[in-house]
Amino acid sequence: EPEVTQTPSHQVTQMGQEVILRCVPISNHLYFYWYRQILGQKVEFLVSFYNNEISEKSEIFDDQFSVERPDGSNFTLKIRSTKLEDSAMYFCASSENSGGPYNEQFFGPGTRLTVL
Amino acid sequence: GDSVTQMEGPVTLSEEAFLTINCTYTATGYPSLFWYVQYPGEGLQLLLKATKADDKGSNKGFEATYRKETTSFHLEKGSVQVSDSAVYFCALSEGGGADGLTFGKGTHLIIQP
């Protein structure tokens, strides 16, 4: 069964460093998403991406964040200069265009980012 | 803005007990409602959904009914198993396309044999 994969599973970085989190969405999907979950808090939407551009973003997704689909398979989240408060689990998701009232989002297992 | 509130965990039950996990929501429009489940070491998986009032979503013995009048979508199961131990997330989406999901904090369910 096709699935969303994410690498690495755990990333440790120093404050101020840049990190890139990688995701491989399901191959025929058209919409891509990033979410994060700070320990003990809600899963929060960061950004969605469609047709090679950002479709929606939350207020969390400020200038230090960027997303890219550098080739036909990968979808990346870059954090330019990490802060301690960026420590969280980051989930990637993808969905196809169902044409219905909603598109089921399929999630990856997450990348745990620890900023020291 | 939109929000989802669900009961705090952990919820600990014995095998074959009846399960209810409460979920209420606030939305500006007419959202679709979801329950996602996360097993240890895995990603979030869609458990069930409902897209309009009075719809009942069901899967794997779990059920939830979209109650517009009480803005609720409580998750129930008549007889839980040890394998149901996981974290359960209630979520909503205002529309299709690239709309992000709004999640609750998650409820950790522990089923003891």
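These numbers come from the heavy atoms of this one structure, side chains and all, not from hydrogens, waters or symmetry mates.
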With a cut-off of 6.0 Å (strictly less than), are more than 12 heavy atoms of other residues, nucleotides or ligands near CG of A/Asp71? yes
Heavy-atom contact with chain B under 4.5 Å, split by part of A/Gln37: side chain
How close do B/Thr70 and B/Ser72 get, counting heavy atoms only, and between which atoms? OG1-OG, 2.8 Å
When only pairs under 4.5 Å are counted, which of A/Tyr35, A/Tyr50, A/Phe106 shares the most heavy-atom pairs with chain B? A/Tyr35
Would you say B/Thr28 and B/Glu94 are linked by a side-chain donor-acceptor pair, where the criterion is simply a distance under 3.5 Å? yes
Residue pair B/Thr102 / B/Tyr25, side-chain donor-acceptor N/O under 3.5 Å: no
Could you have a look at A/Val43, A/Leu30, A/Leu46 and say which one has the most heavy-atom pairs with chain B under 4.5 angstrom? A/Val43
Part of A/Phe32 lying under 4.5 Å from any heavy atom of chain B: neither
Which atoms of B/Gln6 are under 4.5 Å from chain A, going by heavy atoms: the side chain, the backbone, both sets, or neither? neither
With clusters defined by side-chain heavy atoms of hydrophobic residues (ILVMFWY) lying less than 4.5 Å apart, directly or transitively, does B/Leu92 cluster with B/Tyr30? yes
